[in-house]
Structure formats: C-alpha cells, structure tokens
Amino acid sequence: MTDQRTYLEVKRTVDDRALNRRVLERFVAELDARSSPVRIVEIGAGIGTMIARLAAWDCLPEEVAYRAVDRDDESIRRARERVPEWLEGAGYAVERPEDERGETTLLARSDTTRIEVTLEVADGFEIEDRADAVIASAVLDIVDLERAMPAIEGLLEPDGLLYAPITFDGGTTFAPRDPVDDRIERRYHHHMDAVRSAGGSRVGRELLWRLPDAGWSVLEAGGSDWVVRPRAEGSGAKTGYPDGERTFLEGLLETIDGALAELAGNELDSELVDLVPGERRRWLERRRNELEREELVFVAHNLDVLARPPE
Ligand SMILES: C[S@@+](CC[C@H](N)C(=O)[O-])C[C@H]1O[C@@H](n2cnc3c(N)ncnc32)[C@H](O)[C@@H]1O
C-alpha cells in the first residue's frame with residue numbers, strides 16, 4: 001500500500017506541471033497588491049508542498065505569515081521534517097524558534113522574502129483567523145462544500161482571496177485503452193459522488209456556479225489536468241516516469257481499486273453497467289503490468305479557481 005504522505009510527496013511534480021499558470025499569475029499579482037505582511041491560511045496543506053512550491057517559484061510577497069493546517073497529524077509531522085529542507089533547497093535561510101504554545105514556527109528568509117510558517121494539526125473548517133488568502137489545493141473535491149464555503153468565507157478578510165487549485169472535475173483516463181475503461185471510470189466517479197462521505201467527481205465546475213450563486217466573484221479559472229507518462233528521449237528510447245511518479249500511479253491504481261471494491265458491496269445506480277466477475281482484477285493486473293513496462297499513461301481533469309468572497 002502506498003502511504004498517503006508518500007503519495008502527496010510524489011504528487012508534487014505532477015501538480016507542478018498541472019497548475020494553471022494563468023490562474024496562479026493572477027493569484028500572485030493579487031497577493032502582491034496587498035499590504036505587508038500578507039496572511040495566508042492553507043487548509044488541507046498535507047505535507048506542505050504548496051508552501052515549498054510558492055517559495056521556490058518566487059510567488060510570495062515580501063513578508064508573509066503562512067498558517068498551514070491539516071487534520072492528519074502524520075502529514076503535519078512529515079511537513080515539519082520536509083518544509084525546512086525544501087525551503088533551504090529553494091535558497092532560504094531557515095530558523096525554527098518555538099512559539100508561546102510550543103508549536104513549531106519556521107522563519108524563512110531569502111534576499112527578497114520573509115516567511116513565517118506555522119504547521120498545525122486542526123480541522124481547517126473549525127479554526128479562526130483573518131486571512132488575506134485561503135489556499136485549498138486538491139481539497140474541495142473531498143469535503144462537504146456546504147460546510148467548507150461558509151467556513152472559508154469566515155476566515156477571509158472582506159476583499160480576501162480563495163485559491164483552490166487541482167480541484168477534481170470528472171475525468172480519469174488511461175492509455176492504452178481497455179474495453180472496460182469507461183465502466184471503471186463511471187464506477188470510480190460514482191463512488192466519489194454517492195458512496196464517499198463527502199466531495200464529488202465534478203466539484204471543479206460546481207465551484208464555477210456555486211461560488212457566484214453564493215455572491216462570490218470568480219476572478220480566474222482554468223484547467224490543471226494531471227498528465228503522467230513515461231518520458232522518451234528524442235531517439236524514442238524510454239527514460240521512465242519522472243521523479244517518483246511511478247509511485248504516484250501505483251497509489252492511484254490502489255485508490256481506484258479500493259473504491260471499486262467498496263462499490264461492489266453497495267446498491268448501484270441502475271445506469272451503471274456491471275463489470276463481469278474478474279474484470280476488475282484483470283483490469284488492475286493489466287494496468288500494473290503496463291506500469292511495470294513503463295507504458296501506462298494517465299490523464300485526470302482538474303480545475304483551478306481563484307475567487308473573492310461576497311462584499
Ligand atoms: C488530497 S490531499 C491534498 C494535500 C495537499 N493540499 C496537496 O495537494 O498535496 C487532501 C488533504 O486535505 C486534508 N483535509 C481534509 N479535510 C480536512 C479538514 N476538514 N481540515 C483540514 N485538513 C483536511 C487531508 O488530511 C489531506 O491531507
């Protein structure tokens with residue numbers, strides 16, 4: 001089994017390629033226009049890859065207070081190990097003073113930017129704050145939006161920003177094609193919509209009407225599809241999957257298989273065509289073999305959204 005923290009670590013380069021640069025540029029410009037220090041709250045920060053990315057890509061304004069929250073204590077424990085290393089790798093000098101509650105605060109300085117980072121275990125929709133920006137990356141598709149949206153609004157300054165990149169939007173495809181791919185995809189998405197306790201398979205586009213309906217302004221939105229494929233040199237010789245992305249695909253196949261296994265014991269939507277017995281195992285075996293032979297290609301559809309709360 002791929003551990004969730006390892007999955008988040010190997011997901012980083014997939015997200016790096018996927019993030020919609022137009023939406024990110026607007027987010028960075030909006031942050032730049034705010035007065036210092038800029039306060040950012042990240043909900044569902046996982047192991048802290050977004051902090052590291054924004055620092056490494058020079059996306060942060062001069063002075064930033066960055067509060068990263070996740071309800072999973074193992075992820076925050078990993079973040080406390082990895083974020084200082086990543087920030088140092090990005091050219092920051094990092095100090096680790098303890099705050100008055102004994103929590104780890106990192107003080108990271110580069111020639112242009114000073115970031116104070118706190119990494120905290122909490123339910124991000126229960127905390128209190130007053131933030132210039134809330135980031136929720138690959139999070140809004142797995143939570144209850146009815147609870148999340150008012151909570152995020154309550155965390156933001158009146159003219160604050162919600163940046164919600166990598167929000168799943170209904171597309172899970174593999175190549176080479178297999179006759180049961182479409183059925184597998186529909187079942188996997190049905191699991192997100194009807195079996196999982198919260199979230200859904202089309203939350204990306206849902207945000208585009210739910211936010212305006214609730215009085216938010218969507219400033220930018222755009223696709224951020226995941227594309228994972230083995231690389232080839234100019235000569236056509238394969239050079240394998242980049243970084244840890246083979247592990248990313250292993251984790252993803254496990255997730256899909258787990259969802260389908262759970263569906264098997266549930267009442268199904270009558271529109272879902274059954275898989276004949278053994279098909280799920282055959283499909284998984286085939287995909288694992290293709291991964292082993294470095295032939296498997298995976299594409300998923302996500303959306304990035306930047307929005308401002310109601311006035
Ligand atoms: C798919 S992961 C994404 C993690 C990270 N944003 C990334 O992209 O690498 C979703 C994360 O949201 C966290 N999460 C879900 N609901 C949460 C909540 N109510 N409060 C805080 N974290 C939450 C999970 O623990 C998990 O780490």
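Numbering starts at 1 and runs along the sequence shown. In listed order, ligands and their atoms are each counted from 1.
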Tell me, please, which residues at least two apart from Val28 pass side-chain contact (heavy atoms from CB on, under 4.5 Å).
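Expected list: Leu24, Asp32, Cys59.
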
How far is [atom] from the closest protein heavy atom, and which atom is that?
{"atom": "atom 12 (O) of ligand 1", "value": "Gly44 CA, 3.5 Å"}
{"atom": "atom 1 (C) of ligand 1", "value": "Ala138 O, 3.2 Å"}
{"atom": "atom 13 (C) of ligand 1", "value": "Asp70 OD2, 3.3 Å"}

Taking distance alone, with no angle check, do [X] and ligand 1 share an N/O pair under 3.5 Å?
{"X": "Asp123", "result": "yes"}
{"X": "Gln4", "result": "no"}
{"X": "Ala45", "result": "no"}
{"X": "Val139", "result": "no"}
{"X": "Ser75", "result": "no"}

Indicate, as side chain, backbone, both or neither, the part of [X] found under 4.0 angstrom from ligand 1 when only non-hydrogen atoms are considered.
{"X": "Arg12", "answer": "neither"}
{"X": "Val143", "answer": "side chain"}
{"X": "Thr49", "answer": "side chain"}
{"X": "Ile166", "answer": "neither"}

Partner residues of Asp70 under the salt bridge (charged side-chain N to carboxylate O under 4.0 Å, His left out) criterion, sequence neighbours left out
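None.
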
Minimum-distance pair of heavy atoms, taken over all atoms of Leu211 and Ala307
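So the minimum-distance heavy-atom pair works out to CD1-CB, 3.9 Å.
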
Could you tell me whether the side chain of [X] and the main chain of [Y] form a donor-acceptor pair under 3.5 Å?
{"X": "Asp132", "Y": "Ile40", "answer": "no"}
{"X": "Arg130", "Y": "Gly154", "answer": "yes"}
{"X": "Thr113", "Y": "Ser110", "answer": "no"}

Where does the angle between the aromatic ring planes of Tyr7 and Phe248 fall among parallel (under 30°), tilted (30 to 60°) and perpendicular (over 60°)?
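Tyr7 vs Phe248 ring planes: parallel.
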
Evaluate the ring planes of His189 and Phe168, with Trp represented by its six-membered ring, and classify them as parallel (under 30°), tilted (30 to 60°) or perpendicular (over 60°).
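Rings of His189 and Phe168: perpendicular, over 60°.
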
Measuring from the heavy atoms of Ala122, does anything fall under 4.0 Å of ligand 1?
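Contact present.
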
I want to check something: taking the side chain as every heavy atom from C-beta on, are Glu262 and Arg196 in contact at a cut-off of under 4.5 Å?
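No. Closest side-chain heavy atoms not under 4.5 Å.
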
Only one of Ile127, Ile135, Leu156, Ile152 passes side-chain contact (heavy atoms from CB on, under 4.5 Å) with Val41; say which it is.
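Only match with Val41 under side-chain contact (heavy atoms from CB on, under 4.5 Å): Ile127.
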
Using a strict cut-off of 4.0 Å, indicate which atoms of ligand 1 neighbour a heavy atom of Gly124.
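This gives 18 (C), 20 (N), 21 (C) as the contact atoms.
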
Considering Arg71, Lys11, Glu120, Arg147 one by one, which has a heavy atom nearer to atom 22 (N) of ligand 1 than any of the others?
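When every heavy atom of Arg71, Lys11, Glu120, Arg147 is considered, Arg71 comes closest to atom 22 (N) of ligand 1.
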
